[in-house]
Amino acid sequence: MRSILAVLTAALLGLAQAAWAQVELTFYYPIAVGGPLTKVIDGYAAEFEKANPGVKVKPIYAGNYDDARIKALAALKAGQPAQISVLFSIDVYELLEQDVIVPWDDVATSADDKAWLKGFYPALMMNGTYKDKVYGIPFQRSTIVMYWNKDAFKEAGLDPEKAPANWTEMTQFAQKLVKKDAGGNVQRWGVMVPSTGYAYWMFQAFARQNGQDLMNRDGNQTNYAHPDVIAALQYWRDLGAKHKVMPEGTVEWGTLRQAFTEGKTAMMWHTTGNLTAVKDTAKFPFGVAMLPASKQRGSPTGGGNFYLFKKTTPEERKAALAFVKFMTAPERAADWSMATGYVATSPAAYDTAKLKAYAATFPPAVVARDQFQYATPELSTFQTGRVRKLLDDAIQASLTGQKQPADALKAAQAEADRLLKPYR
Amino acid sequence: MRNVHGWLLLTPAAILLVGFTHYPAVATLLDSFFSTGTVVRPTRFVGLANYAALGDDPIFWQVLRNNVAFALGTIPTSIAIALLMAIWVNDRLPARALVRMSYFTPTILPMVAVANLWLFFYTPQIGLLDKFTALFGASSHNWLGDPATVMGCLALMTVWKEAGFFMIFYLAALQSLSPELEEAAKVEGASRWYYFRRVTFPLLMPTTLFVLVNATINSFKLVDHLFILTKGGPDNASNLLLYYIYQVAFSFFDTAYASALTVVLLAMLAGLAIVQFQLVEKRVHYR
């Protein structure tokens, strides 16, 4: 009798122990580029579970960035478990205002953890840092690069291995690259910069190249009306209106890749996220370069970060830290970069044997990395949706000739000031 | 006690209606009188402030104008084309089933798929439309990137998508007309046009009313294509009221202001429906 009792007690204790050690992590993540990436993520989660018995990871694919944010916030409000999430890097102010996230510094306390936090490219940490605390760990991150068609360059008598290094060169090259038929209709444009979906993002590159950032670090001040910013928009508009090397009006983000691979534009500015797709569909040799400089080079970063939610137990936070460290480890970051075209997030990842081998056969894979030293964080402020749309509208109004760049940007700045005043 | 059975039968539908239609509508109305709360700044009662903000919002007025233009551009055209197609395929003609089917096909396709197709039709240079106009020597046009043409492009696509759907209603109505009427008209020597104007069209009035109400609602309700085609751009030139509500609610997170916009949309649609029913009712012949 006593032995049975002992066995039972032991079994119960064992159960209790197992239940205590069992931590479940639910995390939402978006996918904004092509390819069977849910499988890749599920694979990483399974690998992590194998290495860390006692922690179960439940990845939930949640659509695009907007969907993922809405779903994660709804889950939190409804009391559903969600410990971490990959969300848009620029959502940080919204999440802070909702008071749902905690900084990773709170859990990453050991010397090893602190070294890990310092291991990423500083350019990628800027969007996730608020008042010197790290809220976002870079995961799926991108930046803007220039793609050029080497055949078109040859045809126009340009050096096919040399991309324009500055705005003057870009205009000159583009003018040579425009090809017209007998009737004067344009067969091929010189350069295209998309201006529909993410106009503000592209414009950040122009502004940065002209020496200006569009917002401050605290996210409560925009810089839309600076003379150099206005000059940057004027240059973008002039490409179409004055130099006639880009179509007038807006250029659609979604079809630009086809326009490039069909040879309808000799150069394009686009996200690195399109690299693999261009590589697979272009029938001509193409090059990838850093964006040209005006006063300096420059490109914003973009993409998704890991956030840690407030409503978590200490055990869950510990497990979450272990998981995110696992997901951002050099080997995995290298793997993820090759699968997607996203940039690898740390110098260590670019030092791995497999990414070095990949870059040796496909040099464009490291252009984004080399551009990091000129990078600026993606536009993100309090009231970010509205503040961003103000800029989008100003850009489109200028490109379509409805307003002068100076008027459009000054009006946007005035309205942004009104929106952001309560946050100063 | 006698009514228990009846109430039981009504309950499932009533629960769904209340839960998913009436409660959200009332909650939206209430929300529109409060500010959007965050953890830092909790929700508070602001009365009509959201509606006042709406009056001062130039984008609201622009999307409203856009929406009226969109409705005027799509409704009469799609109804006229639907009626023409219905009369055409109601006649005896070879491969009638095939013709009917092909007119109806756009209706079956999901709006998002249609928008993706038309995005490539409208793309400058590589798009179908530009390839076609190039045959006549016209230069490439940036259809969706030009504020002057973007609305027309959206309207054209919507007419293409909707006309087939309305055709089905007209076709059904035409087939329910008694053939004796046409025979009688022939005996009297009435022309085809006279017969259509004085007999067919008046008899189709109930269908026209139904189609008109549906087309009006659709012109405010259908915004799926904006997500793919223009995202409301350039500079709100193609933004419609419902898409703007989506942007305010899910991109700006201003749920209170979005509620006020929604209330305006609902009130407008309800008003339109009442006017349509009352005006057209007088000219509708129910048999």
Over 12 non-hydrogen atoms of neighbours within 6.0 angstrom of NZ in A:Lys311: yes
Identify the two heavy atoms, one from B:Pro234 and one from A:Thr400, that lie closest to each other, and give their separation to 0.1 Å. CB-CG2, 3.7 Å
Taking atom CD of A:Gln402 and atom CG of B:Asp235, what is their separation to the nearest 0.5 Å? 6.5 Å
For the residue pair B:Thr230 and A:Thr196, establish whether any side-chain heavy-atom pair is separated by less than 4.5 Å. no
Heavy-atom distance under 4.5 Å to chain A: side chain of B:Phe253, backbone, both or neither? side chain
Roughly how far, to the nearest 0.5 Å, is the OH atom of B:Tyr122 from the OG1 atom of A:Thr255? 13.5 Å
With a sphere of 6.0 Å drawn around CH2 of B:Trp61, does it hold more than 12 non-hydrogen atoms of other residues, nucleotides or ligands? no
Could you tell me which of B:Ser251, B:Ala148, B:Gly127, B:Pro147 has the largest number of non-hydrogen atom pairs under 4.5 Å with chain A? B:Pro147
Of the listed A:Lys403, A:Gln383, A:Lys389, the one with the largest count of heavy-atom pairs under 4.5 Å with chain B is A:Lys389
Atom CZ of residue position B:Phe20 - does it have more than 12 heavy atoms of other residues, nucleotides or ligands inside 6.0 Å? no
For B:Phe227, does the CZ atom have more than 12 heavy-atom neighbours from other residues, nucleotides or ligands under 6.0 Å away? yes
More than 12 heavy atoms from other groups under 6.0 Å of CZ on B:Phe165: no
Evaluation steps, side chain to side chain contact (heavy atoms under 4.5 Å, CB included), between A:Glu252 and B:Trp143: CA-CA 10 Å; A:Glu252 165 61 34; B:Trp143 298 100; over 6 Å; no
Tell me whether the count of non-hydrogen atoms from other residues, nucleotides or ligands lying under 6.0 Å of CZ in A:Phe284 goes above 12. yes
Heavy-atom distance under 4.5 Å to chain A: side chain of B:Ile59, backbone, both or neither? side chain
At a 4.5 Å cut-off on heavy atoms, which part of A:Arg188 comes close to chain B: side chain, backbone, both, or neither? backbone
Honestly, the part of B:Val248 sitting under 4.5 Å from a heavy atom of chain A is side chain
Please classify the contact between B:Thr123 and chain A as side chain, backbone, both or neither, with a heavy-atom cut-off of under 4.5 Å. side chain
Atom pair CD (B:Gln125) and CD (A:Glu262), whose distance is rounded to the nearest 0.5 Å: 10.5 Å
Any chance CZ of B:Arg44 has more than 12 other-residue heavy atoms, nucleotides or ligands included, within less than 6.0 Å? no
Of the backbone (N, CA, C, O) and the side chain (C-beta and beyond), which part of A:Gln258 lies under 4.5 Å from a heavy atom of chain B, both, or neither? both
Does a side-chain N-to-carboxylate-O contact under 4.0 Å join B:Lys231 and A:Asp392? no
Considering the options A:Arg386, A:Arg388, A:Glu94, which one meets the side chain to side chain contact (heavy atoms under 4.5 Å, CB included) requirement together with B:Phe252? A:Arg386
Segment of B:Asp254 engaging chain A (4.5 angstrom heavy-atom cut-off): side chain
Has A:Asn185 got a side-chain atom pairing as donor or acceptor with B:Ala134's backbone, closer than 3.5 angstrom? no
